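Okay, structure first, notes after.
Because the structure is a prediction, the values reported are computed rather than measured. We count ligands from 1, going down the list as the structure has it; atoms in each ligand are counted the same way.
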Amino acid sequence: MSKKNTSQKSKGTVVSIKTKMKAKPAAPKGERVYIFDTTLRDGEQSPGASMTLPEKLQIAELLDQMGVDIIEAGFPIASRGDFEAVSEVAKRVKNAVVCGLARAGEKDITRAADALKAAKNPRIHTFISTSPLHMKYKLNMSPETVLEAVTSSVTLARSFTDDVEWSAEDATRTEADFLCRTVEAAIKAGAGTINIPDTLGYTIPEEYTALIQMLKQRVPGADDIIFSTHCHNDLGMGVANSLAAVIGGARQVECTINGLGERAGNAALEEVVMAINTRQDALPYHTNIDTTLITRASKLVSAVTAFPVQYNKAVVGKNAFAHESGIHQDGMLKNAQTYEIMTPESVGLTQSSLVMGKHSGRHAFKKKLADLGYELPDATFQDAFKRFKDLADRKKEVFDEDISALVGNEMVGMDDKIQFRSLTVISGTDGPQKATIVLDIEGDEQTRESTGEGPVDATFNAIKAIIPHTGRLALYQVSAVTQGTDAQAEVTVRLEEEGRVVTGRSADLDTMVASARAYVSALNKLVAKRETSNLSIVDSSGV
Ligand code: KIV
Ligand code: ZN
């Protein structure tokens, strides 16, 4: 593992600003706030949000491209899948620091170090609870033993890398004097970043600002390290608390795309970054994030996890830039600033545009994909092009959303063992409904016919007849990609099997075809997950 200290304070790094002319980039305003994204770790811990390796890699690459400073890629001791994810992300990420989480024990820390071996800039993030409640009931450890564990865990982590982050889990419910002692011990042992998590989303902004200020004033060595904030959203104050910590002196914000995360989620990256950008008067800081990639990241995370983004969600919700009332629309027409504090373009939201018709060629399709941010390997591109032509033949108008829905799942299904071939369904008032499906299982084409309580049930039964499994259907959801009766149906299927949760998605003009494809996609992920099942179970001292 290379030993690079990546936790130095900013010395005025320049943010790249896209302008039409090649003007000199504007100097960044205020101090740098580092963005630590934990979508792949804390985000994935949220029930039902589990992701496959290709999905995690796709997200990690986009986060890297966005300018995220630190990507927490997983919790390597938790499972073979987590270990692989951290090591693969470590291999691919070009700019960001790649971080692996570890509890305070030797096994966790060495496993994290192993997973990070290939990282250009590796960080080990080790943590232990410090609140009286957690120490007594969760850890069954005395405060003195916890203090010793802080020193030994950070010391061990530092033997693998110079970049070590230490977290005081449940810091906001920890006694101030004890918190100071643990932070001091972590700094002395060599941690360059000290994280003060609001694990339960319990704090309020003023209190949290004061907590960071108190630590900076009281703890010896505090000036030489970066304080970090990690806020959960249980009382809806995750973002407000994160910004309050920055005001108090924290210079790293831990957050997730769409605010994904345990329980009510973590602070949302897009909200933190856009608040800093929009309110420079009150928040004179800067980040390295290319905000025009925010919408893409939000859509990708939502598609992969099948967690819909609520319509009125700040920054990335469908209605975030919509103006319905007449008074607002009138104001907008006169001057957009009357009802808009940031522009849709600044978060990468473009007008839904009509794409191409059935005469559009490969070149135009490739260009459109690039504009939408997709870069497909050749085989996948050919398949996507065929499906696009098919769609354009059948649908009058093809929009950007149609293209995104069409290719969004192609990208993660490239190496699938089970391939959908065709489906015929008989439905209507006079049952039983019947489905005949053809699947290709690693080159072996198989056909089955089944009946069911409705066409979806019949289709899924036919698939099950070819691939018997014990996965429980936990979610079946259909939505329209665009408007009109010729809109594509986007179907999400979630399966659960022995604690493994997988989600498949697909879009097609035919709802039944989209359903079958989504089900097959989920099954492929289940097969992949079975192969990387848990090595160790996170015990009661886990996160
Ligand atoms: O919420 C929390 O305290 C955590 C820590 C592991 C940082 O996720
Ligand atoms: Zn957390």
Next item on the list: Decide yes or no on side chain to side chain donor-acceptor pair (under 3.5 Å) for Thr203 and Thr172, but give the supporting numbers first.
Entry: CA-CA 6 Å; Thr203 198; Thr172 52; 5.4 Å; no
Next item on the list: Please indicate how many protein N/O/S atoms are found closer than 2.8 Å to the Zn ion (ligand 2), with waters neither displayed nor included.
Entry: 3
Does any N or O of ligand 1 fall below 3.5 Å from an N or O anywhere on [X], backbone included?
| X | answer |
| --- | --- |
| Arg41 | yes |
| His125 | no |
| Thr199 | yes |
| Asn195 | no |

Notebook entry, point to check: What are the two closest non-hydrogen atoms of Ala49 and Glu44, and how far apart are they?
Noted result: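 Taking every non-hydrogen atom into account, O-CG, 3.6 Å.
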Check: Is the CD atom of Glu207 crowded by more than 12 outside heavy atoms at less than 6.0 Å?
Finding: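 Result for CD/Glu207: enclosed.
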Check: Can you tell me if CD on Glu106 sees more than 12 non-hydrogen neighbours from other groups inside 6.0 Å?
Finding: no
Checklist line | Pairs satisfying ring pair (Phe, Tyr, Trp, His ring centres under 6.0 Å), at least one member in residues 187-237, at least two apart | finding: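 Only His230-His232 qualify under ring pair (Phe, Tyr, Trp, His ring centres under 6.0 Å).
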Next item on the list: Apply the test side chain to side chain donor-acceptor pair (under 3.5 Å) to residues Asp170 and Thr199: give CA-CA distance (whole Å), side-chain angles for both, the deciding distance (0.1 Å), then the verdict.
Entry: CA-CA 5 Å; Asp170 204 15; Thr199 306; 4.9 Å; no
Next item on the list: Verify, without hydrogens or angle tests, whether Thr278 (side chain) and Ala275 (backbone) share a donor-acceptor contact under 3.5 angstrom.
Entry: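 Not a single qualifying donor-acceptor pair exists.
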Checklist line | For Tyr137, all residues meeting ring-ring contact (aromatic ring centres under 6.0 Å, His included), sequence neighbours excluded | finding: none
Check: Just which atoms of ligand 1 are under 4.0 Å from any heavy atom in His232?
Finding: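 Reading through ligand 1 atom by atom, the close ones are 1 (O).
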Check: With atoms numbered from 1 as shown, which atoms in ligand 1 lie under 4.0 angstrom from a non-hydrogen atom of Glu169?
Finding: 3 (O)
Notebook entry, point to check: With sequence neighbours left out, what residues match Arg181 under salt bridge (charged side-chain N to carboxylate O under 4.0 Å, His left out)?
Noted result: Glu144
Notebook entry, point to check: Does Glu254 have a heavy atom less than 4.0 Å from any atom of ligand 1?
Noted result: no
Next item on the list: Mind checking whether Glu262 contacts ligand 1 via backbone (N, CA, C, O), side chain (CB onward), both or neither, at a 4.0 Å heavy-atom cut-off?
Entry: neither
Next item on the list: To the nearest 0.5 Å, tell me how far Ile71 CD1 sits from Leu63 CG.
Entry: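 Going from CD1 on Ile71 over to CG on Leu63, the span is 5.0 Å.
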